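On a predicted model such as this, the values are computed, not experimentally measured, just so you know.
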Amino acid sequence: MLRTSFIRKNRKKVLFGLSKRKFHKIHLIDEILILDQKKKKVQYILNKISEKENLISKKISHLILKRGNSLQINSLKEESIFFKKKKKDLNIEFKNIVQNLEEKLNQIPNIPDEKIKEKNTEDAVWSPNNRTTTKTIEEALPHWELSKKFHLFSSDLGTKICRSGFSVYLGKVAKLQRSLIQYFLDQNIRASYLEYSLPYLINEMSVYATGQIPDKEDQMYFIEKDNLYLLPTGEVPLMNCFRDNLFTYKDLPVRATTYTSCFRRESGSYGSKVRGINRLHQFEKVEIIQITTPDTSYYYLDEMISHIKKILRSLEFPFRLIRLSGTDLGFSSAMTYDFEVYSIGQKKWLEVSSVSNCTNFQSNRLHLRYKTMTGEIDLCHTLNGSALALPRIMAALLENNQTKNQINIPKVLIPYTGFDYIK
RNA sequence: GGAGAGAUGGCCGAGAGGCUUAAGGCGCACGCUUGGAAAGCGUGUUCACAAAAAAAGUGUCAAGGGUUCGAAUCCCUUUCUCUCCGCCA
């Protein structure tokens, strides 16, 4: 959520930023500013009335203690009742304004960074080791064909016990998945991220604070009986661990990682996109987050990117990095990079990580603040990234390491799996 | 799920309708003292709100309502914590 004070001081900047997103409800900005003015006015009057009420109470108190005359006391009481009635009506008005203001503010996404353009040109894509993508395997099979050949996973079983869009991993692939999770966590911990093991059910406040409500409400599974959501990403419970924290500048950056399953309804996704394990309702993901000071957030964004690059290189993936354009940017993000790995069997790039700087957009709702060296209080910046999302990494790993008779395991994983091929 | 007891500042802890502007302690910061440190003494120390820097103001004792001229204190609702019973990996 943007701060109204920011919108007031940077109206043009906000409008320009929103235009890069092709955000159409621009009229909201001026409506917000008008409501904000109204709110201040009403709040000021309410304050003055409260001040008067407090003074009267004190006078009464003194009179009672000094055994003052009851006529005087009664007239003071009547005066106070008069103000009280006035306040009641104003209070209703005030609450309406606040609610209205919040509803409008909730619809405004974060302002993209200055570097972000509305549409991407070639320079937004960066392929550090493009030549490896030219590596070809004769008759490379997509992972669903490989699965038939080597008994890797079963979508039928997923459908049998749940519904379509759920998958069951078998034998060595099940262990390979555990190994990948363990490997990613180890890499993150080594890079000084603290591991958290978290609940998969989250309350409304948490979902609201990180910005999934109202933006992605329909993407989430909701348990009506207990008023809880299934987490769409580990970012939500992880970030919310820090909700309402007031840090000192010495505490920052906070670095945390978690492995969770993620649940997404993915309504409206059909066809080739959901083939095999490319897109599932439940998938495994290892997430990293950081909470930083405003002046260091882009430095740490770069650092997260090199961290993920390192992991992808160690697994010998051909990958590319894309800086998202304004129109592709997520609701809370000011800058996002997507990592895509090349999957030889499908002959296409698969998104395996999304790394974002949400600047102070999430911090505002999460009340993540810190004290500067001079003792001032300011909002933190938040960053999040996948390190990494499992099913697509798995798909690409299986496809890229296939030979005619077996699937080879990348070297760094063998200590985790205990085997070096699947056949 | 049933029965009871609780929730006060960074932490501990008093307060039970108006002399609370939340006692006292710990911690922290600064100062005095010292050759330096410890001890001692002094000062300060929640957060939020606006054109809000200073002075003043308003709100803030788990959250939201209510009673009252006046609520940390009384009433209602909700959330959370603890103890006991029940169920249970």
Side-chain angles (χ1 to χ4, degrees), chain A residues 1-11 32-102 105 197-209 223-229 237 240-252 254 261 291 360 362-380:
Chain A
M1 189 162 63
L2 293 178
R3 290 162 301 169
T4 42
S5 60
F6 176 82
I7 298 176
R8 200 188 320 122
K9 288 172 197 157
N10 304 277
R11 184 175 169 277
I32 285 167
L33 290 176
I34 290 166
L35 273 173
D36 188 44
Q37 281 307 114
K38 255 194 196 171
K39 181 187 152 190
K40 280 173 194 165
K41 236 184 222 171
V42 175
Q43 196 171 15
Y44 180 78
I45 299 168
L46 276 171
N47 267 12
K48 283 289 159 200
I49 295 174
S50 295
E51 190 182 351
K52 274 178 192 163
E53 278 184 338
N54 289 344
L55 274 171
I56 292 169
S57 286
K58 260 174 204 165
K59 273 187 202 165
I60 292 173
S61 173
H62 286 303
L63 282 171
I64 287 173
L65 289 170
K66 285 173 190 164
R67 307 245 163 90
N69 80 52
S70 57
L71 264 171
Q72 211 175 347
I73 291 171
N74 281 337
S75 82
L76 280 170
K77 278 188 190 179
E78 265 169 49
E79 200 183 339
S80 184
I81 288 168
F82 169 77
F83 283 125
K84 212 177 162 184
K85 275 182 191 159
K86 216 170 157 185
K87 208 170 120 181
K88 209 169 188 179
D89 293 335
L90 267 179
N91 233 325
I92 292 166
E93 195 187 334
F94 183 70
K95 276 181 184 168
N96 279 337
I97 292 170
V98 170
Q99 200 193 336
N100 207 334
L101 187 61
E102 226 155 74
L105 268 175
S197 185
L198 300 160
Y200 286 10
L201 291 170
I202 46 185
N203 58 32
E204 195 178 356
M205 186 64 226
S206 299
V207 168
Y208 173 76
I223 295 159
E224 212 164 322
K225 206 167 183 176
D226 292 291
N227 210 15
L228 295 168
Y229 294 83
N240 272 281
C241 286
F242 304 97
R243 197 197 318 143
D244 296 323
N245 272 23
L246 177 54
F247 300 99
T248 70
Y249 66 96
K250 288 178 195 161
D251 301 328
L252 303 177
V254 169
S261 295
I291 301 167
N360 63 20
Q362 282 184 326
S363 293
N364 196 20
R365 278 194 204 168
L366 283 159
H367 299 294
L368 292 179
R369 296 161 305 155
Y370 79 106
K371 267 189 190 169
T372 64
M373 224 179 286
T374 52
E376 287 152 62
I377 291 168
D378 196 6
L379 289 173
C380 301

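Across all strands shown, nothing is found opposite B/rU68 as a Watson-Crick or G-U wobble partner with both distances under 3.5 Å. Pairing for B/rC82 goes to B/rG4, judged as Watson-Crick or G-U wobble with the two contacts each under 3.5 Å. Within the shown strands, B/rC32 is the pairing partner of B/rG40 under the Watson-Crick or G-U definition, both distances less than 3.5 Å. Remark: B/rC49 base-pairs with B/rG57; criterion is Watson-Crick or G-U wobble with both hydrogen-bond distances under 3.5 Å.
The phosphate of B/rC47 has OP1 or OP2 within less than 4.0 Å of a side-chain N or O from A/Lys371. Taking side-chain N and O atoms only, A/Arg8 has a distance below 4.0 Å to OP1 or OP2 of B/rA51. The shortest distance between the side-chain N/O atoms of A/Arg369 and the OP1/OP2 oxygens of B/rA48 is below 4.0 Å.
By the rule that a glycosidic angle within 90° of 0 means syn, B/rA51 counts as syn.
Nucleic acid contact for A/Leu46: none, since no nucleic acid atom lies under 4.0 Å from a heavy atom of the residue.
Judged by distance alone, the side chains of A/Ser50 and A/Asn47 never bring a donor and an acceptor atom under 3.5 Å apart.
With A/Glu53 as the fixed residue, the salt bridge (charged side-chain N to carboxylate O under 4.0 Å, His left out) test singles out one of A/Lys84, A/Lys58, A/Lys87, A/Lys86: A/Lys87.
Nucleotides B/rU79 and B/rA63 have their P atoms positioned 15 Å apart, rounded to a whole Å. Nucleotides B/rU21 and B/rU46 place their C1' atoms 15 Å apart, quoted to the nearest Å. Nucleotides B/rA38 and B/rA29 are separated by 11 Å at their P atoms, to the nearest Å. Straight-line distance between the C1' atoms of B/rU78 and B/rC84: roughly 24 Å, to the nearest whole Å.
Residues A/Lys39 and A/Lys52 each lie close to RNA chain B; by heavy-atom proximity, the contact nearer the 5' end of the strand is made by A/Lys39.
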**OP:** Assign a letter to each nucleotide of nucleotides 59-75 of chain B from its 5' end: B, base within under 4.0 Å of a protein heavy atom; S, sugar-phosphate only; -, no contact.
**Re:** S-----S--BBS-----
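Closest contact between the side chain of A/Glu51 and the listed nucleotides B/rG57, B/rC49, B/rC47 involves B/rG57.
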